[in-house]
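Inspection log for the structure reproduced underneath, given as C-alpha cells.
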Protein chains: 2
Amino acid sequence: MDSVDGLYSDGMPKDRRSPGPAPRPAPDGLDEVDRELVRLLTADGRMANNALAEATGIAPSTCLARVRSLRERGVIRGFHADVDLGALGQPLQALIAIRIGAHSRDEIDRFRSKVPGLPGVLSLFHVSGANDYLLHVSAATPDALREFVLDHLTADPAVVHAETSLIFEHIRATPDARN
Amino acid sequence: MDSVDGLYSDGMPKDRRSPGPAPRPAPDGLDEVDRELVRLLTADGRMANNALAEATGIAPSTCLARVRSLRERGVIRGFHADVDLGALGQPLQALIAIRIGAHSRDEIDRFRSKVPGLPGVLSLFHVSGANDYLLHVSAATPDALREFVLDHLTADPAVVHAETSLIFEHIRATPDARN
DNA sequence: AGTGAAAAGCGCGCTTC
DNA sequence: GAAGCGCGCTTTTCACT
C-alpha cells in the first residue's frame, strides 16, 4: 500500500450520482471529470466520444466540449500511435549519456536543435547532474548504433563524452499509476 | 546532410506512380503503405480513417483493414494521449539511475514488478552498463520527489544506489526522423 | 488483397434548461 | 456549464472483382 503520493488524498468517497455542479474546488483548472477524461484518453487515445461520455457520466455534447477544452488548454498535447520499433526493423534501443564541453551558447543551441532530427532519435532529455543530456535512440543493428554514436555524437565538437547503454527492456507504466 | 543512417539505402529512385502491386520486396511484412500509415498515426493518432486512406492513396475500407492488421500483428500497440503533466499538477520530472545489489532472482523480479505501479512512475528502462535501471518519474514538488526516492528506492533492499537527475527539458523527436 | 455501395453509428452544431 | 435533438459525415460490413 502506498502512503507516499500525498496528492489529492482528501479521503472523500467519490459519489457523483446527483446532478448539479461538482462541489470539488479543483486544485488547478481541472475537475474530477477532466482528470478522468485525461486518464481514459491516456489509456486509449482512440476512444470514441460516446464511450468517453458514458464512462464519465456526462452527455456526449458536453464530453466533446470538455475534450476540446483540454486540447486547447494544452492539457492534452496530442495523440500518438505506440509503435513496436522492432516490427519496423529497429529492434535495438539505447540510452546515451552525453556530456557537453562547449562554452558558447550558440554551440549548445546548435547541438540541441540538430539532435532531435537525427535518424533513430526518439527523445532527448536535458538533465541535471554529471551528464548534460540523455538521448534515447533506436537502431537496426549494433553497427548502425555504433555508427550513429561515432558520426553524430563523438564527432560533434560540442560533445565531450558519450556513454551508450543498451536498453534490454522498456516497461511503460500504466496511466492510472499517476493518480 | 546525413550520410549515415544506412537503412534502406538501396539507392533506388522511389517512383510509385504506376498502378499494380508494389515491386518492393518489403524487409519485413510491411510494405510502403503500411509504413506510411504507421508514420501518419504516430504523428496524429486520432487521424480519421478516410483521411488516412486519402493520404496513402487507398480506399477507406482497405485502409481500415490495413490499420486493423497492423494492430493485430502488434506493429501498432495502441494509441495514447500525450498529456502535459504540469497541467495535472506534476510539473517535475526526473530520471533516476538505479543500481541493484540483489543476488536472488526473486528479489530482482519483485523490484521490477513493483516499480511500474508506484505513483508518478512513467517508465522503467532496464539497461546495460554501470547502472541496472533508469527510472523516469514525475512529481508534484521537490519534496514529493525526494520522498519517492527515499520511500520506494533507497528503502528497497534490492537497491544499492539511486542517483536522481532532474529533467530540465524533454524534447520528443518528430516521427519522420525514424524513416 | 482491394474496392464500392449501403447500413449503422458517430461527430458536432444548435437550442433549451 | 450541461443536456437533447438532428443533420451530415464517417466508419464498418459485405458481396464482388
Side-chain angles (χ1 to χ4, degrees), chain A residues 14-81 87-88, chain B residues 14-76 78-82 87-88:
Chain A
K14 52 175 173 177
D15 200 300
R16 295 283 303 110
R17 211 69 56 88
S18 58
R24 202 66 66 85
D28 27 43
L30 305 178
D31 64 13
E32 211 177 299
V33 173
D34 285 325
R35 279 176 208 283
E36 181 69 2
L37 289 173
V38 167
R39 205 187 55 74
L40 290 165
L41 286 172
T42 304
D44 178 7
R46 291 215 94 164
M47 204 169 163
N49 186 63
N50 274 344
L52 278 174
E54 195 177 359
T56 51
I58 58 178
S61 53
T62 308
C63 185
L64 196 71
R66 290 269 195 158
V67 173
R68 182 186 301 144
S69 165
L70 288 170
R71 296 200 67 167
E72 279 167 1
R73 284 185 283 168
V75 178
I76 296 177
R77 291 206 202 88
F79 296 90
H80 306 286
L88 265 75
Chain B
K14 51 175 173 177
D15 201 301
R16 293 284 305 112
R17 213 68 58 90
S18 59
R24 203 67 66 85
D28 28 41
L30 305 178
D31 65 12
E32 213 174 300
V33 172
D34 285 325
R35 277 175 209 286
E36 181 69 2
L37 288 173
V38 168
R39 205 186 56 74
L40 290 166
L41 285 172
T42 305
D44 178 7
R46 288 215 96 162
M47 201 168 163
N49 186 62
N50 34 11
L52 278 173
E54 194 177 0
T56 51
I58 58 179
S61 52
T62 308
C63 187
L64 196 71
R66 289 270 195 159
V67 173
R68 181 182 308 157
S69 165
L70 287 169
R71 296 199 68 166
E72 278 167 2
R73 285 186 283 167
V75 178
I76 295 176
F79 296 89
H80 306 286
D82 173 22
L88 264 77

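Proteins come first, then strands; the chains are lettered A, B, ... in the order of their sequence lines, and each starts at number 1.
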- Message: For T56(A), give me all partners under side chain to side chain contact (heavy atoms under 4.5 Å, CB included), at least two apart in sequence or on another chain.
- Response: V33(A), E36(A), L37(A), L40(A), I58(A)
Distance-only donor-acceptor pairs under 3.5 Å for side chains of residues 68-75 of chain B, two or more places apart:
unit_1: S69(B); atom_1: OG; unit_2: R73(B); atom_2: NE; d: 3.1
unit_1: S69(B); atom_1: OG; unit_2: R73(B); atom_2: NH2; d: 3.3
unit_1: R73(B); atom_1: NH1; unit_2: G29(B); atom_2: O; d: 3.3

Expressed as a whole number of angstroms, how long is the span from [X]:[atom1] to [N]:[atom2]?
| X | N | atom1 | atom2 | answer |
| --- | --- | --- | --- | --- |
| R73(A) | dG1(D) | CZ | C1' | 13 Å |
| L37(B) | dG2(C) | CG | C1' | 14 Å |
| L30(A) | dG1(D) | CG | P | 14 Å |
| E54(B) | dG2(C) | CD | C1' | 18 Å |

- Item | salt bridge (charged side-chain N to carboxylate O under 4.0 Å, His left out) involving R46(B) - partner list, sequence neighbours excluded | none
- Note on the structure: D44(A) meets the salt bridge (charged side-chain N to carboxylate O under 4.0 Å, His left out) criterion, sequence neighbours left out, with none
- Which angle, rounded to 10°, do you find between the first-five-pair axis and the last-five-pair axis of the helix from dA1(C)-dT17(D) to dC17(C)-dG1(D)? 30°
- Query: Just by distance, do the side chain of N49(B) and the backbone of P60(B) share a donor-acceptor pair under 3.5 Å?
  - Reply: yes
- Task: Indicate yes or no: at least one non-hydrogen side-chain atom of D31(B) is less than 4.5 angstrom from one of R66(B).
- Result: yes
- How does each nucleotide of nucleotides 3-17 of chain C score, in 5' to 3' order, for protein heavy atoms under 4.0 Å: base (B), sugar-phosphate only (S), or none (-)? BB-----SSBB----
- Should R66(A) be listed as having a side-chain N or O under 4.0 Å from OP1 or OP2 of dG1(D)? no
- Item | Result of checking D34(B), T42(B), L41(B) against V38(B) for side-chain contact (heavy atoms from CB on, under 4.5 Å) | T42(B)
- Query: From N50(B) CG over to L64(B) CG, what is the distance, rounded to the nearest 0.5 angstrom?
  - Reply: 10.5 Å
